[in-house]
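Here's a structure for you.
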Amino acid sequence: MGIRRKKTMSQSVLFLTEVLSLFLPRTILVSAVSADCQCIVFDSTYNEEYGVFTSPNWPVPYEDNINCLLYTFITEENSLIKVVFEEFDLDRSNLGCKFGDYVKLYLHLKEPFVNQNTSHNIFLCGKLSDIQQTHYSSGASLIFEFHSDWRQENNTGFRGTFRFFNKTLFETAGELINGSKCDYNFISNMTNESRGRFFSPQYPSIYPKNVDCSYRFAGNPNERVKIIFEQVHLQNNDLSCLINPDKIEIYDGESSTSPMIGELCNTESFVDFVSTGPDLFILFRSRGHFPSQGFKATFMFENDTALGEDLETPSMGRRLGDRAREYLKHITLWNQDAPVGKHFTNNNNNIVEDFSILGLVSGPTVIHKRERLKRSLIYNVETLQPSGLSKRFSFLCAGPTDVVMVFITINGQKERLNNFCGNNLPPQLMSNGPSISVEFKSYQPLLAPKGFRAIYRFVTNFGISAGVQDPQQVCGFIFNSTERTNGSFTSPNYPGFYPRATECHYFFFGSGNERITLTFAYFDVEGVPPCTTDLASDFVEFSNFRTVDRKIPRHCGVKKPKIITSDGDFFRVAFKSNGKFDGTGFEAFYQFRNYVDPLTVKRISGAESLRPRKLHVIPALVAIYFYLIHL
């Protein structure tokens, strides 16, 4: 058997240097940080803003046994570096990419060199579809290492582009608090502009691990704070925001003790929040092992009048403050004489009504309402009798038929909940945030159909009346055995469609040796087992802890879960919907019961003589027990 000789890198590196010199005026071969490494340097000395880099021999397969080839990018102090892999093909010998062929990126460098003690950020291997293509430095230098092992698999390597750009594009507009790394104050009367931008630490590069960053906004007494999260890219996983290690929390006040009005995790875009007063507080937490790019957002201090006069009710005639949160929980107005706002006509001769908080609306209408509190809008069509061939309620409503269309906003995009036509009533609907749009279109005006009549109300409790609402959760409800030992709870807006893109938690607190028993009477949660986000599934999740409980699987679909009993005196139920499909949710009953450990029950002397009688007593006790429960 012949012996395979280890190839050297010098010829490949020199060839790569000659190729890259065609694209850059200055591609320098420098001495490596160790004897085993070679370096190729790209810098901005001649004000070149971009260029190209490739693996050795690309697009011909790269050689084996490339131990360490460093691609080093250096720019000026006030600039950052962006690298994009446009072609990528490395042998993937393991899932973690830490062995075999790989690219190792160093994004958070203070100096343009690395050694064995330098912390890396990301490993890349496999195909282009397996990797994140775009990466940013947090400073003026970026290095990645290319390595190949002894196995030659005819992979072609990589090709990419780099760009140097100004760092000031991603500077937070607030005032950094002395002694902190990422805590900012934004004071309205201390800035020349009423708006600006703020970012997660080291954006657009990935944020560091184990950080807490706060952003405190303080406006004038007649102002409120509007926040728009343009992009959110946090550690992506299949967890709810409550237990997600990386998340953004938004509080309607001066600190994290104020009521929470928003919570973001995973990936979002163009999500907005508005405070009810002049103060707003944002907390960014990073606890995950795989941080992502973070977020970029815009803030605005705006006068109350600039936010719209829809924040006044006909009966109150003043700006809604924090107490409006309780006042607006259950409002339904049946008086047809209530004012419904201003009317105007669009090009299609449809009447448009911007209705106020209290009121009743009748078609033909296009309804759009923006409210600034943490509340949803419930829209219930009382009668619906548009014209058309169909005599029954239908979701399809195909062709030029009269139709009512309902829209919500998800990730900055207008999404249609459904079309409604015929003469059967649609289900009760709820928005996923503080706005909803209802549009009525008529194509057959000569038939003079009866139309529809709808009732709306604004709520902050998501249509859930059971339990005590937790102000430290966006949608959280507490059930304590000291207040009530049994009862029922439902999904949001039950028995109507639950809102899309919504997450709610139900916390059950027993005392002493109590256990919690849950029985589901109805279950309709859109999804396919095992109810993961990859399957676009909504789900209900159970846990004996505040974190994930692997013991109990998620539930979705229409099959009711079996009776569930907690292991201890605490239990949590989570409901999470995505932005794609609808269902009517669930209704369940809970009961706190005293638990008796069978191992602690004393054996009664002479029990053997009672055994025949015991066989007759047990069925009677069981029958009475269940009889009492069904009462």
Side-chain angles (χ1 to χ4, degrees), residues 78-85 105-110 119-124 131-142 144 163 165-177 180-186 195-217 225-251 256 260 262-273 280-299 411-412:
N78 62 342
S79 297
L80 299 175
I81 304 154
K82 173 184 178 181
V83 296
V84 180
F85 289 93
L105 287 101
Y106 301 86
L107 304 177
H108 299 166
L109 299 176
K110 296 182 178 180
S119 297
H120 64 275
N121 297 102
I122 302 174
F123 277 97
L124 304 178
I131 69 167
Q132 179 181 336
Q133 293 180 241
T134 304
H135 303 272
Y136 296 89
S137 69
S138 62
S141 58
L142 183 153
F144 69 82
R163 179 178 294 274
F165 61 95
N166 199 316
K167 186 177 183 179
T168 58
L169 295 174
F170 300 101
E171 288 185 351
T172 294
E175 178 184 356
L176 183 65
I177 298 176
S180 70
K181 294 183 178 180
C182 57
D183 296 325
Y184 290 88
N185 283 331
F186 303 80
R195 64 182 60 204
R197 308 187 76 182
F198 63 102
F199 308 89
S200 55
Q202 299 180 345
Y203 191 91
S205 185
I206 60 177
Y207 51 82
K209 301 177 183 178
N210 299 316
V211 295
D212 287 349
C213 300
S214 64
Y215 307 82
R216 178 179 172 269
F217 300 86
V225 188
K226 181 177 182 179
I227 302 294
I228 301 176
F229 285 93
E230 300 171 11
Q231 289 186 3
V232 175
H233 293 286
L234 306 185
Q235 177 177 326
N236 200 18
N237 51 43
D238 199 24
L239 302 176
S240 64
C241 286
L242 177 71
I243 57 179
N244 207 301
D246 299 349
K247 57 186 174 181
I248 305 168
E249 300 169 352
I250 302 94
Y251 296 91
S256 58
M260 182 188 291
E263 191 172 31
L264 302 177
C265 62
N266 296 321
T267 302
E268 302 278 358
S269 61
F270 292 99
V271 184
D272 64 282
F273 301 92
L280 188 136
F281 184 82
I282 296 176
L283 184 60
F284 169 63
R285 301 178 185 271
S286 165
R287 297 291 185 273
H289 297 292
F290 306 100
S292 189
Q293 188 178 31
F295 67 86
K296 64 176 180 179
T298 302
F299 70 90
N411 289 335

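Here the structure is a predicted model, which means the values were calculated and not measured.
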message: Assess the residue pair Leu109 and Leu142 against the criterion (side chain to side chain contact (heavy atoms under 4.5 Å, CB included)); give the C-alpha distance rounded to whole Å, side-chain angles, the decisive distance to 0.1 Å, and a yes or no.
response: CA-CA 7 Å; Leu109 299 176; Leu142 183 153; 5.8 Å; no
- prompt: Between CZ of Arg163 and OG of Ser79, what distance do you get to the nearest 0.5 Å?
  reply: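 Rounded to the nearest 0.5 Å, the CZ-OG separation comes out at 12.5 Å.
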task: For His108 and Ser205, test the side chains for any donor-to-acceptor distance below 3.5 angstrom and give the result as yes or no.
output: yes
field: Nearest non-hydrogen partners of Ile248 and Ile250, listed with the distance
entry: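 Of all heavy-atom pairs spanning Ile248 and Ile250, the closest is O-CD1, 4.0 Å.
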query: What distance separates Ser137 OG from Asn121 CG, expressed to the nearest 0.5 Å?
result: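 It is 10.5 Å, given to the nearest 0.5 Å.
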Donor-acceptor contacts, no H, no angles, side chain residues 288-298, under 3.5 Å, sequence neighbours left out:
unit_1, atom_1, unit_2, atom_2, d
Ser292, OG, His233, O, 3.4
Gln293, NE2, Pro204, O, 3.1
Thr298, OG1, Glu230, OE2, 2.5

query: Do you know which two heavy atoms are closest between Ser214 and Phe281, and how far apart they sit?
result: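 Nearest pair, atom of Ser214 first, then Phe281: CB-CZ, 3.6 Å.
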field: Distance, nearest 0.5 Å, that separates CZ of Phe270 from CD of Gln231
entry: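 CD of Gln231 is found 7.0 Å from CZ of Phe270.
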task: Over all heavy atoms of both residues, which pair between Leu234 and Cys265 is shortest? Give the atoms and the distance, please.
output: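 The answer is CD1-CA, 3.9 Å.
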query: Are any non-hydrogen side-chain atoms of His135 and Ile122 less than 4.5 angstrom apart?
result: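 His135 vs Ile122: side chains touch.
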- prompt: What heavy-atom pair brings Leu239 and Asn244 nearest, and what distance separates the two atoms?
  reply: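 Heavy-atom minimum between the residues: O-ND2, 3.8 Å.
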query: Has the side chain of Asn185 got a donor or acceptor atom that lies under 3.5 Å from a matching backbone atom of Glu175?
result: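 Not at all, since once roles are kept as given, no pair shorter than 3.5 Å links the two residues.
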- prompt: Taking atom CG of Leu169 and atom CZ of Phe199, what is their separation to the nearest 0.5 Å?
  reply: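 It is 8.0 Å, given to the nearest 0.5 Å.
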query: Minimum heavy-atom separation for Tyr251 to Ser256, with atom names?
result: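 In terms of heavy atoms, the two residues are closest at CE2-O, 3.2 Å.
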Gln235 versus Tyr207, closest heavy-atom pair with distance: N-OH, 3.1 Å
statement: Between the CG atom in Asp246 and the CG atom in Asn210, the distance rounded to the nearest 0.5 Å is 9.0 Å
- request: Calculate, to the nearest 0.5 Å, the distance between atoms CZ and CG belonging to Arg216 and Leu280 respectively.
  value: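 Rounded to the nearest 0.5 Å, the CZ-CG separation comes out at 11.0 Å.
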query: Counting distance only, does the side-chain N/O of Gln133 pair as donor-acceptor with the main-chain N or O of Phe85 below 3.5 Å?
result: yes
message: Please check: side-chain N/O of Lys167 versus main-chain N/O of Gly139, any donor-acceptor pairing under 3.5 Å?
response: no
- prompt: Taking it one step at a time, do Phe229 and Ile227 satisfy side chain to side chain contact (heavy atoms under 4.5 Å, CB included)?
  reply: CA-CA 6 Å; Phe229 285 93; Ile227 302 294; 3.5 Å; yes
- request: Applying side chain to side chain contact (heavy atoms under 4.5 Å, CB included), run through Leu176 and Tyr184 and close with a yes or a no.
  value: CA-CA 5 Å; Leu176 183 65; Tyr184 290 88; 3.8 Å; yes
message: Salt bridge or not between Arg287 and Asp212? Use side-chain N to carboxylate O under 4.0 Å.
response: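 A salt bridge links Arg287 with Asp212.
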Any Tyr203 side-chain heavy atom under 4.5 Å of Tyr136 side chain: no
field: Non-neighbouring partners of Phe186 that pass ring pair (Phe, Tyr, Trp, His ring centres under 6.0 Å), sequence neighbours left out
entry: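 Partners of Phe186 by the ring pair (Phe, Tyr, Trp, His ring centres under 6.0 Å) criterion, ordered by chain and then number, come out as Phe198, Phe217, Phe299.
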field: Check: Ser200 and Cys213 side chains under 4.5 Å, non-hydrogen atoms
entry: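 When only atoms from C-beta onward are counted, Ser200 and Cys213 do not touch, as no gap falls below 4.5 Å.
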